[in-house]
Number of protein chains: 6
Amino acid sequence: MRPSQRRPDQLRPLRFTRGFTRHAEGSVLVEFGDTRVLCTASVESRVPPFLKGQGSGWITAEYGMLPRSTDRRTDREAARGKQSGRTQEIQRLIGRSLRASADLRALGERSITLDCDVLQADGGTRTAAITGAWVALRDAIDGLIARGELATNPLQSQVAAVSVGIYKGVPVLDLDYAEDSTAETDMNLVMDGEGRFIEIQGTAEGTPFSRDEMDALLTLGANGIRQIQAAQRAALSG
Amino acid sequence: MRPSQRRPDQLRPLRFTRGFTRHAEGSVLVEFGDTRVLCTASVESRVPPFLKGQGSGWITAEYGMLPRSTDRRTDREAARGKQSGRTQEIQRLIGRSLRASADLRALGERSITLDCDVLQADGGTRTAAITGAWVALRDAIDGLIARGELATNPLQSQVAAVSVGIYKGVPVLDLDYAEDSTAETDMNLVMDGEGRFIEIQGTAEGTPFSRDEMDALLTLGANGIRQIQAAQRAALSG
Amino acid sequence: MRPSQRRPDQLRPLRFTRGFTRHAEGSVLVEFGDTRVLCTASVESRVPPFLKGQGSGWITAEYGMLPRSTDRRTDREAARGKQSGRTQEIQRLIGRSLRASADLRALGERSITLDCDVLQADGGTRTAAITGAWVALRDAIDGLIARGELATNPLQSQVAAVSVGIYKGVPVLDLDYAEDSTAETDMNLVMDGEGRFIEIQGTAEGTPFSRDEMDALLTLGANGIRQIQAAQRAALSG
Amino acid sequence: MRPSQRRPDQLRPLRFTRGFTRHAEGSVLVEFGDTRVLCTASVESRVPPFLKGQGSGWITAEYGMLPRSTDRRTDREAARGKQSGRTQEIQRLIGRSLRASADLRALGERSITLDCDVLQADGGTRTAAITGAWVALRDAIDGLIARGELATNPLQSQVAAVSVGIYKGVPVLDLDYAEDSTAETDMNLVMDGEGRFIEIQGTAEGTPFSRDEMDALLTLGANGIRQIQAAQRAALSG
Amino acid sequence: MRPSQRRPDQLRPLRFTRGFTRHAEGSVLVEFGDTRVLCTASVESRVPPFLKGQGSGWITAEYGMLPRSTDRRTDREAARGKQSGRTQEIQRLIGRSLRASADLRALGERSITLDCDVLQADGGTRTAAITGAWVALRDAIDGLIARGELATNPLQSQVAAVSVGIYKGVPVLDLDYAEDSTAETDMNLVMDGEGRFIEIQGTAEGTPFSRDEMDALLTLGANGIRQIQAAQRAALSG
Amino acid sequence: MRPSQRRPDQLRPLRFTRGFTRHAEGSVLVEFGDTRVLCTASVESRVPPFLKGQGSGWITAEYGMLPRSTDRRTDREAARGKQSGRTQEIQRLIGRSLRASADLRALGERSITLDCDVLQADGGTRTAAITGAWVALRDAIDGLIARGELATNPLQSQVAAVSVGIYKGVPVLDLDYAEDSTAETDMNLVMDGEGRFIEIQGTAEGTPFSRDEMDALLTLGANGIRQIQAAQRAALSG
């Protein structure tokens, strides 16, 4: 039995609030249950030095947790003077996942930065961030197209993510913190709109897992991501 | 005429949302018009090294702006590896202002950290932060009292803040960004519940200001703070 | 009775030693009693990136305390790897105060950096720094004019600063360390040659202060600054 | 056809040189073809603060590349003043993988640090590092047992890693740099001696990959790891 | 002919001003011609961690240049966030040189920090710093003895330093900046009161130097240091 | 008697392995007994900003120790976020020594970076680094000449280094760690192919040393360097 009384293959309630703040070209508050992440997309008409003059754009991400988004206050990274390894790992993952869905040449010499800031954490912040950031990215790109700044849509596919894991011996979907902190295995999946894999990151926190367990997790995750992508589309057409 | 059509002595709509997030002992979203700051109070049962074993508590604050809380994206301080001088100045101001309202010995050997994170900026983020942080602090302390961890209330006075300034030659209250960015003079006032001054910080951005203008700003600010303190009390009793 | 036996409205002995070191375009040792600050003005024919090609100059300041300028040794900021929040706050204040007196366009594409290094501290180092830095700035600019590099004088007003505070219930002028460390209220005023305010920064260290006390402090400070500005002029004509 | 003329399921020549340097408790130069990583295990009789007094040990890893281990010189991280996100990601992966094989309580209050320094890079440095570090760890632990400092062996399983990927549409094992830099998909697998998964990290660099491709990569990797583990055992008994 | 018209074996005018600032236990302004360094000795009753509980004291030094002590302004190290390699090299040299003259056990569990801050630079700042710091150290120790805190004098020898070099083919003593910046060879000598070497650091800036030149420089330096040590003694008895 | 049974004037076995790694333009593993340093030379067709457009090249060096190259593990500088003063001192020394042998104008607008990484330390790592780096530099330059990128050889002299010291009262050559850590005096000499001095750095770790001892050390070192230079030449012609 899951602490939240959910079935093993049941997602938490999902919510997307577009236009959550007013300055960004895309601004989405994404909620997976009690996990709340503010994702903003900022468009700038310049690219990083390594892309200058190559006719290609760039999509990147930054991630942060508000100090008291967690059960106990965690140090503010700006005050400590550096981002943790975990933070860097997550923001690299978000950036790679979003770039995988886009034709960067079609974006022109523009950068889009996705800032994913966790207002409240209850497990699965990185997968929520990817899922919400893709909606914010889409809003920003739709704006560029609507203003006539882009002729074609550089987004080639839909991107969503979810976590799966083995909790008390059972493969479960979309772990919350109570599950995540004691799970034997924790895996994050990022997939495109055609059900193909963009990223997979799995870790045996306790006991290593077998090929059969791997297969069960992949199937569970793929089903979850289909539902999440439907919710993304509903939010965008809302 | 103010860009927002307000009268010179008119505040922006004020709103306090208590319990905005669930982990912190106090969590308040404060809104001064379009300026939105999330203020959380975190109670910890330890004090900084310089206070160890002295029977006194500590209240401190940290401040941050989400990168796209502003019109143009600003660099993430955690990524740059240091907090700007402006950030440090603001968080020192918030901490001093709140400590001025409290008997730190009555707090016992506890620290309360107020994290003030700007979700959306439209001028006056530091005065909004002080004002909201005091409500979050009060919530955290009421919780300690309710749980029997504190016998007496260490908060001796109410604290609120507002900005005043000279905009197109006229003293105005509670400047928004459109005013702030072109004001000749910008002044932040922090006052207690008895209408006394805790902090005053005024800067002539353009022309220096006369003693008469100073007097007008002080009167305007004191009136504004009275209204803000009434709103704080209403929020706390709501 | 003040520890130094001064009257409440009495300044400490003031001294300006121009040409204290030989390399800088302006070099002034300013003494307010036992507080001694070396202020040098360095002229460079380039401007910060945000001003490039705009036909405007820049004036900025940096502040530091020698580790043993204080009663107990304080850590060297260069060794700790960062400037404290206090240091940044002070150098930002000095820079703003000096810029308020100058027409930066008339300066041309030049930077002038005022380095204010405290050799010995006895309270009031930031107001001494502003006061001495203005004299060094004036010397540097007079040199530019004398060498024919500037046609008109970009300095539009005289700038000086002083601290006032409430010590044992009495408003006093120009606090030394013995007073400063126990004062209930501490306020720094920066004014121009016409007696107008450039900056005001006041903090209730202990009890908040009333509007009447505020008024008394402003009057006391304005009188003190008049005397300091006379001393600046005397030093420059000496 | 692979650039190295290998069959898709063929490993590069593997070599372990134990005792490569003399100070460390374990010191192994591991070579996967032209990729050469020096892995040293350092035993210390103290644990990190979060484990103090809990009767448990710790295993951790650090990773670095010599500046000219790569085709073009990369900046020295010590000179730049920070480790890149990539470096942190890799050293966290190595540490987690090795901890998964050990009973940390059986290690007692000791730390073992695995330093993995790349002398020459030709793709697959992180999987080579995990594979070599496990041999160095084993040597260090055998030493502790031989000296009577440990009664039971805290290592519960063998750990090895390999990369797999899709190169020109074909799943291949153990990618070298020529393949890695152009592969559509790149996946790192860490497995234990029983053929179970400890870590999986896969990234679609170009086209996302299907479930069928995923399955082929997992099978290819598992076969490769069996051979690598045989080589580890041969080296240890050599 | 030297730019300063000095003979090859002639020192610049030497001056020691003891008690230059009032807070430090020793405070000496040392002048070698236009080179002026403020050396303060700070006594603290604690030792660095590596000496805790070992009954031994510690002597260390820190060095800095005011930004405009030089002909062109140099960046402030505190603002850049780190000390340069040159600064660290110099402060390590000063610390080692002073420790060589003292019996650290006789000092008891105390630290003495020598802060050497260059107010004005004209070549030879490091040798001036060592020479002045030794006088400040002596003053601090004499104070400890006078106050009965030390029974025996831990200073076993006198320490002074000077630079020598080859300028236009001629070995010269005590180079000023005009010579230093074009000298073929630059050497710093630190010697004790018995004429023995504590440190020697020589660099061929242009042409390497022969054994004969080395011998000439050593003799020239030893004669210079004898005169400097006489001046130190005169200052201390003054 | 020396711990290694060597005669006072006897070097440790010397070995140079050219081409130790494959990417660098020069790659030499140098061994002085158990001290092993990997020296790579990286040629880049750009120069540091201060040399841009001046028609001159640059030679510089970086130094590092692998964490477990030493008897006890030392912290990784990349993880601590800065290079120690000792590291910076050493890499500045290596760079200066190599530049002294070269005509930088003849190098053209190119940089050569010598990375000296200590794989195993047993005393004398900095002198081994200089000695090995010169061979790597020579290999890199011979390559430029062979490929027709350089017409004339910018290397004007051979450079080698050795340590000498006073161990148990006896001047000895090429100290290993057992000697180095207890020597009274430690001196590093860098000389050119004509037996002239490029650098001398001597420190009295315990008792200051006399002029006679200085003379003995210089003679001992010069003889050692002659043998080392013969070994360098043999390696290059090998």
Side-chain angles (χ1 to χ4, degrees), chain B residues 60-63 81-97 99-101 103-104 156-159 166 184-215 217-219 221-223 225, chain C residues 60-63 81-97 99-101 103-104 156-159 166 184-215 217-219 221-223 225:
Chain B
T60 187
E62 289 188 4
Y63 170 93
K82 64 175 188 172
Q83 294 180 300
S84 70
R86 175 185 175 274
T87 291
Q88 291 188 62
E89 209 169 296
I90 292 175
Q91 63 194 14
R92 283 158 54 92
L93 170 66
I94 301 170
R96 277 200 314 272
S97 297
R99 283 193 295 277
S101 73
D103 175 358
L104 295 174
Q156 300 169 319
S157 182
Q158 189 173 346
V159 177
I166 299 178
E184 292 104 53
T185 290
D186 181 22
M187 188 177 291
N188 295 297
L189 296 175
V190 187
M191 299 180 80
D192 72 3
E194 286 69 43
R196 293 176 304 178
F197 294 94
I198 291 173
E199 286 272 344
I200 172 170
Q201 295 193 339
T203 297
E205 305 282 354
T207 328
F209 52 103
S210 68
R211 177 69 184 264
D212 284 351
E213 288 171 316
M214 169 80 87
D215 289 339
L217 291 173
L218 295 176
T219 302
N223 288 337
I225 282 182
Chain C
T60 188
E62 289 188 3
Y63 171 92
K82 63 175 188 172
Q83 294 181 299
S84 70
R86 175 185 175 273
T87 291
Q88 290 188 64
E89 210 169 293
I90 293 175
Q91 64 193 13
R92 283 158 54 92
L93 171 66
I94 302 170
R96 278 199 313 274
S97 297
R99 283 193 296 277
S101 74
D103 175 357
L104 295 174
Q156 301 168 319
S157 181
Q158 190 173 346
V159 177
I166 299 179
E184 292 104 55
T185 289
D186 182 23
M187 188 177 289
N188 295 297
L189 296 174
V190 186
M191 298 179 81
D192 72 3
E194 288 68 45
R196 293 176 305 176
F197 295 94
I198 291 173
E199 286 272 344
I200 172 171
Q201 295 194 338
T203 297
E205 305 282 354
T207 328
F209 52 102
S210 68
R211 176 68 186 265
D212 283 352
E213 289 171 319
M214 169 80 87
D215 289 340
L217 291 173
L218 294 177
T219 302
N223 288 337
I225 283 181

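Convention: sequence-line order gives letters A, B, ...; per-chain numbering from 1.
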Largest heavy-atom contact set with chain B, pairs under 4.5 Å, which of Q88(C), Q201(C), E199(C) | E199(C)
Between R96(C), K82(C), E194(C), E89(C), which residue shows the highest count of heavy-atom pairs closer than 4.5 Å to chain B?
-> E89(C)
Taken to the nearest 0.5 Å, the spacing of I200(C) CD1 from L217(B) CG works out to 10.0 Å
Check the pair D215(C) / R211(B) against salt bridge (Lys or Arg N to Asp or Glu O under 4.0 Å), numbers first and verdict last.
-> CA-CA 10 Å; D215(C) 289 340; R211(B) 177 69 184 264; 3.7 Å; yes
Closest heavy-atom pair and its distance - A204(B), F197(C) = CB-O, 3.8 Å
The interface call for S84(B) against chain C, heavy-atom contacts under 4.5 Å, is backbone
Straight-line distance of D192(B) CG to T207(C) OG1, nearest 0.5 Å | 10.0 Å
Can you tell me how far CZ of R196(B) sits from CZ of F209(C), rounded to the nearest 0.5 angstrom?
-> 10.5 Å
Given the options T219(B), T87(B), L93(B), which has more heavy-atom pairs under 4.5 Å with chain C than any of the others?
-> T219(B)
So, the part of R86(B) with a heavy atom under 4.5 Å from chain C: the answer is both
Heavy-atom contact with chain B under 4.5 Å, split by part of M187(C) = side chain
Reported OG1-to-CD1 distance for the pair T203(C) and I198(B), which is rounded to 0.5 angstrom | 10.5 Å
